[in-house]
Amino acid sequence: MDMQTGRPATLSPRGMVTSPHSLASAAGADVLRAGGSAVDAAIATAAVLGVIYPHMTGMGGDAFWLIHDATTGKVRYLNGGGRAAANADPRFFTDKGLTEVPFRGIWPATLTTPGAVASWCAAHTAYGRLGLPRILASAIDYAQHGYPVSQRLAGWMQRSQTDCSAQPGWSALFTPEGSLAQTGETRRNPALARTLQAVAEQGHAGFYQGETGQALAALSQQHGGFFTAHDLAQQQAEWGEPLVGNYRDLTLYQTPAPTQGFTVLQMLKLVEPFGLHQKDFFDPERIHLMVQAKQISYHDRDRWLGDPAFTDLPMGRLLSDEYLDQRRHLIDTQRALAWDQVPSYGSLRGDTVYIAVVDEQGQAVSLIHSLYGAFGSGVVSLDTGVLLQNRSAYFSLQDGHPNVLAPGKIPLHTLIASIGFRHNKLWSVMGCMGADGQPQIQFQAYSAMVDHGLDIQQAVEAPRWLSGRFALGEARDTLHVESRFGNATLDALAAKGHVLNRWGAWNELAGHAHGITLEGPQQTRFGGSDPRSDGAAIGY
């Protein structure tokens, strides 16, 4: 299929990094050139993003990894999800008349500990080649000496000011002289530089203990938060097994529970018998079938998904051919499947960064890293420069729910990452931001590449749809669609009963997708970066 793009895929013979900011990708590529591993480069990229893209990610958030070990050929999973504090209790909120964990403020900021840095350290211990001081050097430099504010960051600061300025530390960091930064203006975070330096020198202890850990615990105590110094010291990342499924000639690995990675595998299998590769990319029937599969899969997610250490999750059945054959009968080829037929809850609201790295040896990292909402909880520890996440807002307060809040529990995570194989060879490292949109975006990108022959850049630039609601006032049936699908396609979808929100040609709310594929006998690296972000794929 001929899909016109604003830029071609980036090609390189050895290593490649792609992320939503070009300076972060460049930092990762520099680490690869210096002899670093894919894991080293991913940490370097993530650390820079935490400095220069603070509305999307940071040291105060969580991270989940898939790592392709080039030596063994296996894909490993690393869980960097933060855990609920030991004193976490749903009654704290319900006794106050609340039906959900608040989205902003000290409570969601400290209800779970930050998990990302623990995952950096665990991944580096297993696969690092360079020392942490070299890996974190670019991030420390940008935090200490300054970075230029991108147009997107300036815009998100403006949109978030009313929501976040009442939270501890936010205004002091982001509006230090009472005004918002303008595009191109230099901003610094010297306290974060000191925190990064502590991690460079001391690893895990440099963040979760020592001066940084004590400062974070003191902030929590001062403002009536949850986590303590003991909670922080206990935070560790955990290795596990990824999920794996098949779609046509693709073998696809996904992050397991508590992430929603299984939904991508479900959606692909639900539509496989309908032969999407035999339909035109812009065929409204193709989009209609994919939306139906999404709604069925998200019903399973909301019914079953939680921390597997706390809930019985029937993953084998949810991914079985027998079960998916049964669920496929819910798809109506003529009419949109209504939410009240297959109930679903959740929101498309959320901000995240995705990083893909492949090094010269074929080690690959698929890393998803997030604060959850834009600027997370809005709470900043000025002593450390760390902006704390609000991922715990995803916990349920409903007794008996698989995602109900409990001490030591990781909340349901929208964060997912993927690694794909074709013909028994590593082929793809791909992911995206976008909360509930993440599985839908992966679903569309993989179908575009496998079913329609698009390359990675074409796949991430292609017009995109997202099913669900961005705000409580919207119907759960809402189908948000970029206008580049064309009026004929959109009108046909409306005729099938879809409640359309017709976006313009490009919409950042459709997510930032990035990825790398390895093509041909030389395994040439093809890099794609989403123009809805500030990103770039950079190779050497």
Side-chain angles (χ1 to χ4, degrees), residues 241-279 283-308 311-346 396 398 400-403 412-414 416 418 420 436-444 446-447 450-451 465-468 475-479 493 496-499:
E241 292 297 321
L243 298 176
V244 61
N246 296 286
Y247 176 73
R248 301 188 65 206
D249 68 348
L250 171 69
T251 299
L252 187 63
Y253 290 84
Q254 285 285 337
T255 50
T259 85
Q260 59 180 340
F262 82 95
T263 60
V264 181
L265 303 180
Q266 276 197 333
M267 289 187 284
L268 287 166
K269 292 303 290 185
L270 284 167
V271 300
E272 188 170 24
F274 291 101
L276 299 191
H277 61 291
Q278 297 173 336
K279 304 180 189 302
D283 186 339
E285 182 181 355
R286 171 182 172 274
I287 300 168
H288 172 77
L289 292 169
M290 296 175 79
V291 173
Q292 308 310 290
K294 173 264 171 184
Q295 302 201 161
I296 293 167
S297 179
Y298 276 45
H299 169 74
D300 283 343
R301 183 199 70 168
D302 295 336
R303 180 180 179 185
W304 296 107
L305 189 57
D307 185 341
T311 187
D312 184 18
L313 184 63
M315 190 59 69
R317 173 160 171 74
L318 291 174
L319 292 175
S320 70
D321 289 341
E322 177 187 15
Y323 178 75
L324 293 172
D325 287 345
Q326 175 188 353
R327 298 289 279 172
R328 193 177 295 111
H329 291 301
L330 291 171
I331 295 177
D332 186 334
T333 59
Q334 301 303 314
R335 296 292 300 172
L337 182 62
W339 285 115
D340 58 2
Q341 290 179 255
V342 183
S344 187
Y345 307 93
S396 170
Q398 179 184 340
H401 192 281
N403 189 43
L412 181 158
H413 265 273
T414 54
I416 58 173
S418 75
D436 281 5
Q438 289 186 37
Q440 303 179 57
I441 297 167
Q442 281 200 28
F443 181 31
Q444 292 172 72
Y446 273 113
S447 175
V450 174
D451 292 326
W465 54 264
L466 287 182
S467 168
R476 294 192 180 105
D477 295 285
T478 306
L479 181 60
L493 288 169
K496 287 180 176 289
H498 293 279
V499 180

As an exercise, state the distance from [atom1] of [X] to [atom2] of [Y], rounded to the nearest 0.5 Å.
X    : Y    : atom1 : atom2 : result
R248 : L268 : CZ    : CG    : 11.0 Å
T478 : H498 : OG1   : NE2   : 12.0 Å
R328 : Q266 : CZ    : CD    : 10.5 Å
S320 : Q326 : OG    : CD    : 8.5 Å
I441 : L466 : CD1   : CG    : 5.0 Å
E272 : K269 : CD    : NZ    : 4.0 Å

Heavy-atom side-chain contact between [X] and [Y] under 4.5 Å:
X    : Y    : result
Y323 : D300 : yes
Y247 : V264 : no
I331 : L337 : no
K496 : Q334 : yes
Q442 : Q254 : yes
L305 : N403 : no
D436 : R301 : yes
P439 : I416 : yes

What is the minimum heavy-atom distance between [X] and [Y], and which atoms define it?
X    : Y    : value
G420 : L250 : CA-CD1, 4.1 Å
A293 : V271 : CB-CG1, 3.7 Å
P256 : P242 : CD-CA, 4.2 Å
M315 : L243 : CG-CD2, 3.8 Å
D312 : W304 : O-CE3, 4.3 Å

Checklist entry - Among all residues two or more places apart in sequence or in another chain, which pass the side chain to side chain contact (heavy atoms under 4.5 Å, CB included) test with Q278? => result none
Next on the checklist: Applying salt bridge (charged side-chain N to carboxylate O under 4.0 Å, His left out), can you list everything that pairs with D321, at least two apart in sequence or on another chain?
Outcome noted: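 Not a single residue meets the salt bridge (charged side-chain N to carboxylate O under 4.0 Å, His left out) criterion with D321.
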Checklist entry - Counting only N and O atoms by type, is there a donor-acceptor contact under 3.5 Å from the side chain of H288 to the main-chain atoms of D332? => result yes
Next on the checklist: Taking P308's backbone N and O only, do any of them form a donor-acceptor pair with T311's side chain (distance below 3.5 Å, no angle check)?
Outcome noted: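 No; zero donor-acceptor contacts below 3.5 Å.
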Next on the checklist: Determine whether R286 and F274 satisfy the following criterion, side-chain contact (heavy atoms from CB on, under 4.5 Å), listing intermediate values before the conclusion.
Outcome noted: CA-CA 9 Å; R286 171 182 172 274; F274 291 101; over 6 Å; no
Item to check | Result of checking Q440, Q292, M290 against S467 for side chain to side chain contact (heavy atoms under 4.5 Å, CB included) | outcome: Q440
Next on the checklist: According to side-chain hydrogen bond (donor to acceptor under 3.5 Å, both in side chains), who are the partners of T263, at least two apart in sequence or on a separate chain?
Outcome noted: none
Checklist entry - If you measure only the distance, is there a donor-acceptor pair under 3.5 Å linking the side chains of Y446 and S418? => result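 Their side chains do contain a donor-acceptor pair, which is all the 3.5 Å distance test asks for.
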